[in-house]
2 protein chains.
Amino acid sequence: MITQKMKYALKALLVLADEAAQPAPEALTIEAIAKRSDSPKRFLEHILLELRNAQVVTSTRGRAGGYSLLMAPADVSISEMLRLIDGPIAPLACLSRRAYQRCDDCTDEATCRIRKVFAEVFWSYLLIIDSLTLADMLRSGTVADQVIGKA
Amino acid sequence: MITQKMKYALKALLVLADEAAQPAPEALTIEAIAKRSDSPKRFLEHILLELRNAQVVTSTRGRAGGYSLLMAPADVSISEMLRLIDGPIAPLACLSRRAYQRCDDCTDEATCRIRKVFAEVFWSYLLIIDSLTLADMLRSGTVADQVIGKA
DNA sequence: TAAATGTCTATATTTTTTATCGTGTATAAA
DNA sequence: TTTATACACGATAAAAAATATAGACATTTA
């Protein structure tokens, strides 16, 4: 299960992407994003900061300041967002490349049967989720799209 | 990431499956399973109880009592074990069939863009993980297998 | 009946998740 | 240059989940 925090992050990104798609996009305040995404403002603040540090969004201070999307939606990888907000996505730490951690009790990774079976699942899973971006979320956006999609 | 509890459960199942594959299989005490799987005995106790309630393993009390595998390894679904031990495997509660829960703030599931994108990932993921069983873990068991598998 | 073993409930500890608060800093307009 | 507005950052806290541990009890069989 993805965390509530991740849901807020995705909602915020959707709000920012929607704004960026407007004719005259403006920076949105945390408050505005919180309202539109129905997220707790003070919590969202930290999430946006993480997104900013990852250079997914950008912010300006002072009057008329706020946040806006920095990367193109097609370049915002869902799996990267998951890693950023929720941490490693591998089912086992010993299968994560970026957050690799050996199991305490592991005598031999090469012969670990748990590792082996989850490795198979994980590679297939990665193949799918690594291909998804914020743009994919936007595409399935409107009700009209939904109806067309079902036809 | 799967929990430590799930790791213990899988290790215990492997121990029991290995025992079941012996010429003269015997019931194994919690202590024996704990030792062989390097799991905390008192914690393992609860795990085995859950597996027993799910009729994956069986137990006998008293002298010479202990646990043994009840289901055939090929019938022990890894995804079912995940559901049993770690809870729902869906990325969102609103995508889980057995543990379905509507999101508090959700106005319309049919048009939720987060739900839609994770639904796609999830169905593909399910396809993979639902096909895996304890038997698959056993197959990739020995070092010899590993070497052959690589060839 | 005694020893071995599983059963069950309660409790405890640690970590993670989900926030909230206070204060500081930057910016732009008045 | 003051002031209003907004983000930045660190501290703290409550709630939930994960990871156990303990004690009393029930069952079996030698």
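Values below: all heavy atoms of this structure, side chains included; hydrogens, waters and symmetry mates excluded. Lettering of chains follows the sequences in order, A, B, ..., and the numbering in each one begins at 1.
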Begin with the C-alpha distance, continue with both residues' side-chain angles, and end with the deciding distance and a verdict on side chain to side chain contact (heavy atoms under 4.5 Å, CB included) for R97(A) and L126(A). CA-CA 12 Å; R97(A) 273 184 284 184; L126(A) 267 189; 4.2 Å; yes
Evaluate the side chain to side chain contact (heavy atoms under 4.5 Å, CB included) criterion for residues I85(B) and I2(B): first the C-alpha distance (whole Å), next the side-chain angles of each, then the deciding distance (0.1 Å), finally the verdict. CA-CA 10 Å; I85(B) 303 295; I2(B) 69 173; over 6 Å; no
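The nearest whole Å value for the distance from the CG atom in D86(A) to the C1' atom in dA17(D) is 15 Å. The distance from atom CD1 of I30(A) to atom C1' of dA8(D) is 9 Å, rounded to the nearest whole Å. Atom CG of D105(A) is separated from atom P of dA20(D) by 11 Å (rounded to the nearest Å). With rounding to whole Å, R42(A) atom CZ is found 12 Å from dT12(D) atom C1'. Between the CD atom of Q4(A) and the P atom of dA15(D) there is a distance of 17 Å, rounded to whole Å.
Judged purely by atom type and a 3.5 angstrom limit, E31(B) has no side-chain atom pairing as donor or acceptor with the backbone of K41(B). Not one N or O on the side chain of R52(B) forms a donor-acceptor pair closer than 3.5 Å with the backbone of S59(B).
Residues from residues 43-57 of chain B lying near DNA chain D, meaning a heavy-atom separation below 4.0 Å, are F43(B), H46(B) in numerical order. Interface residues of residues 7-17 of chain B facing DNA chain C, ordered by number: none; criterion, heavy-atom separation under 4.0 Å.
The environment of Q22(B) atom CD is dense: over 12 non-hydrogen atoms of other residues, nucleotides or ligands sit within 6.0 angstrom. Heavy-atom neighbours of N53(B) CG from other residues, nucleotides or ligands within 6.0 Å: above the threshold of 12.
The salt bridge (Lys or Arg N to Asp or Glu O under 4.0 Å) search around D38(B) returns none, not counting sequence neighbours.
Hydrophobic clustering (side-chain heavy atoms under 4.5 Å, transitive across Ile, Leu, Val, Met, Phe, Trp, Tyr) keeps L127(A) apart from W123(A). Taken together through direct or relayed side-chain contacts under 4.5 Å among Ile, Leu, Val, Met, Phe, Trp and Tyr, L16(A) and F43(A) form part of one hydrophobic cluster. Side-chain heavy atoms closer than 4.5 Å link hydrophobic residues (I, L, V, M, F, W, Y) into clusters, and following such links, possibly through other members, connects I89(A) to L84(A).
Using a 4.0 Å heavy-atom criterion, one finds that I33(B) contacts no nucleic acid atom at all.
Between the OG1 atom of T3(B) and the OH atom of Y8(B) there is a distance of 9.5 Å, given to the nearest 0.5 Å.
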Please report, to 0.1 Å, the donor-acceptor pairs under 3.5 Å made by any side chain of residues 64-78 of chain B, with sequence neighbours excluded.
from, atom 1, to, atom 2, distance (Å)
S77(B), OG, S79(B), N, 3.3
S77(B), OG, S79(B), OG, 2.9
S77(B), OG, E80(B), N, 3.1

Could I get a table of every N or O pair under 3.5 Å where one atom is in the protein and the other is in nucleotides 2-5 of chain D?
none

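When DNA chain C is scanned in the 5' to 3' direction for atoms under 4.0 Å from non-hydrogen atoms of chain B, the outermost contacting nucleotides are dA3(C) to dA10(C).
The pair R113(A)-D18(B) counts as a salt bridge, with a side-chain nitrogen and a carboxylate oxygen less than 4.0 angstrom apart.
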